Structure formats: C-alpha cells, structure tokens
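Small disclaimer: the values here were computed from a predicted structure and weren't measured. Note on naming: letters A, B, ... go to the chains in the order of the sequence lines (proteins, then strands), and numbering restarts at 1 for each one.
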There are 2 protein chains.
Amino acid sequence: MSTRPLFHPDLESVTIVGVLHALADPVRLAIVAELRRARDGLNCVETINRIHAATPKSTCSQHFQILREAGLIRSERKGVELSNSLRFDEIESRFPGLIDSILHARDRESANRR
Amino acid sequence: MSTRPLFHPDLESVTIVGVLHALADPVRLAIVAELRRARDGLNCVETINRIHAATPKSTCSQHFQILREAGLIRSERKGVELSNSLRFDEIESRFPGLIDSILHARDRESANRR
DNA sequence: CTAGATAGTTCGGTTTTCCTGGACAACTGA
DNA sequence: TCAGTTGTCCAGGAAAACCGAACTATCTAG
C-alpha cells in the first residue's frame, strides 16, 4: 500500500454534483449504505464483502477514492488497512436530509424488487 | 426533428442509480430544477435559455434524452418542439422526498457560494 | 530477522461513455 | 415555396471507467 497522504476535501468544497456522481454507481451506493449502517470504520475488503460485491481490488480502490474525493467518506490508515467511515454529520450539516433520502430511495427500490 | 417515438420508462423500472446518474451533471440538474419550478411544459431551447447554459444543441438533445430515459421527465411533441415536464408526482410516489432534497441541496450550495 | 500473508495502490491497456460539429428532418409562418 | 426554428442522427475525438498484474507497506509466525 502506498503511504501517500489521503486527500479529503473540506466541507465547503463538497458539491452536490460531485456527491451525486459518486453515488451514481451501484457498488459505491452500496458501500455508502453499509458505512451508514456501521458504527465504526470498516476497511475496504470488509465493506466489499458485506455488500456481496465481486469487484476486483483495483476497482474497489478506485471506488473508495472517488467516494473520498467527493467528500462522502473519511479514510484513515490503520496499519495495513484503511478505516473508512461516512462523513455523515458533516454532509448532513451541509445538505440536510440528502444522504438518507437517497438511501431510503434505494431501500424502496430493492424492497419493490422482491 | 425525427419523428421516432420517444421512449419513457414506466415508473417501476425507474432506478435510483439511473436517477442519480441523470442528475450528476450540472446542466441536467439545472434543467430539472427549472422544470420543477415551471408550471407547464418547456421546450428544450427555452429551458436551456432559462438556465443560462451555453451548451451546444446536440449536447442538449442528449441531456434531455438521458433525463427522459432515466424516467425523470416526460417529453411530448408539440409541432416542431418538445414539451418537457418533470414527472414529479410519479417520482415522488416511488422515491418520496428524493427530488426536492436534491434540489434543496443544490440551492444551498449556490446560496453558500455568494 | 525472515518468510508469508494481507490490504491497498499504481500502472497500462482496453472498453465504454461523453461531447460536439455538421448534416439532416419536421414543422411554421410569410 | 422558402426561410427560420426546433430537435435528432451520426461520426470523430476526448475523457472516464474497468481490471489484471506488478508493486508497496504492514503485520504475524516461526
């Protein structure tokens, strides 16, 4: 793993278009849903396992990078792994209700499919 | 203008990922914001004028197509033009609160920029 | 300390998607 | 019939996504 510092935009430079783009992918949306549910940070592998996605490592790495640079998640190095968590309170203060209304919409869709 | 029929997905096959992808573009998001505000259908040129976008015609045509095929707007031919309107009530019944929370987030962002 | 295993990243090539100018089709009004 | 307007289609080039393979960094067992 590289030791290059992880870039996290500050809240003011988080954009809706960036957020929507980051969420406009089934895997990334599932990652965010999972991180929303989780109490503590989750590493990438664990997150991907939980959402039952068979996505190649390099693609996952990219997905997390996109989420991070959109300002949706925060990733801290913990030894070999990253501890990823949703920047929920921050996003909530900038765009109240946004995340949950999107996640709620996703839940409704999968509920309908059954 | 072609006379080929315009495809509109029915409500059940509208997906959040599709919706988010359609909205993850500044021009398309502005179009939706404008159509949300408008009482009646707006044609493409008029819509683009109102949002002050200097976007080439062919690109606009594609933007409207993407919004239409994501299920967000309905377009009816009225002579030489299209009358575009937001499928607000439908989307609202499938994904309650989604559209407005996204548009609200967009408003907040542009309010902050001033 | 070394070997092996694990977590992520980087690189390069392929595929896919996006953007746009230019030609075109359909309608309208003069 | 002709000019102007609205929108679509097409084809290219540009940009972004995807993914295998090689690599780095860290941890653990022996």
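A cation-pi geometry, defined here as NZ or CZ lying under 6.0 Å from the six-membered ring centre and within 45° of its normal, holds between A/Arg36 and A/Phe88.
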Along nucleotides 13-20 of chain D, 5' to 3', which nucleotides get a B, which get an S, and which get a -, given that the test is a protein heavy-atom distance under 4.0 Å?
----SBBB
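Among C/dC27, D/dG7, C/dA7, the nucleotide with an atom closest to any side-chain atom of B/Cys44 is D/dG7. Checking D/dT8, C/dC27, C/dT9 against the side-chain heavy atoms of A/Leu6 singles out C/dT9 as nearest. Here C/dT9 is the nucleotide among D/dT6, D/dA25, C/dT9 with the atom lying nearest to any side-chain atom of A/Lys57.
Between the CG atom of A/Leu42 and the C1' atom of C/dA7 there is a distance of 14 Å, rounded to whole Å. The distance between atom CG of A/Asn43 and atom C1' of C/dG8, rounded to the nearest whole Å, is 10 Å. The interatomic distance linking B/Leu82 (CG) with D/dT5 (C1') rounds to 13 Å, in whole Å. B/Glu46 has its CD atom 10 Å from the P atom of D/dG7, to the nearest Å. Rounded to an integer number of Å, the gap from CD of B/Gln65 to C1' of D/dC9 is 10 Å. In this structure, B/Phe64 places its CZ atom 16 Å from C1' of C/dC19, rounding to the nearest Å. Atom CZ in B/Phe7 sits about 15 Å away from atom P in D/dC9, given to the nearest Å. Following rounding to the nearest Å, B/Asn84 (CG) and D/dT6 (P) show an atom-to-atom distance of 13 Å.
No donor-acceptor pair closer than 3.5 Å links the side chain of A/His8 to the backbone N or O of A/Leu72.
In this structure the side chain of B/Arg50 reaches within 4.5 angstrom of the side chain of B/Leu42, judged on heavy atoms. Proximity of A/Val17 to B/Asp25: side-chain heavy atoms (C-beta onward) are nowhere separated by under 4.5 Å. Residues A/Arg94 and B/Glu109 have side chains in contact (heavy-atom distance under 4.5 Å, counting atoms from C-beta outward).
The phosphate of C/dT9 has OP1 or OP2 within less than 4.0 Å of a side-chain N or O from A/Ser61.
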Can A/Ser85 and A/Arg74 be said to form a side-chain hydrogen bond (donor to acceptor under 3.5 Å, both in side chains), step by step?
CA-CA 5 Å; A/Ser85 50; A/Arg74 189 173 296 283; over 6 Å; no
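A salt bridge is defined here as a Lys NZ or Arg NE, NH1 or NH2 lying under 4.0 Å from an Asp or Glu carboxylate O, and B/Lys78 with B/Glu81 fails to meet this definition.
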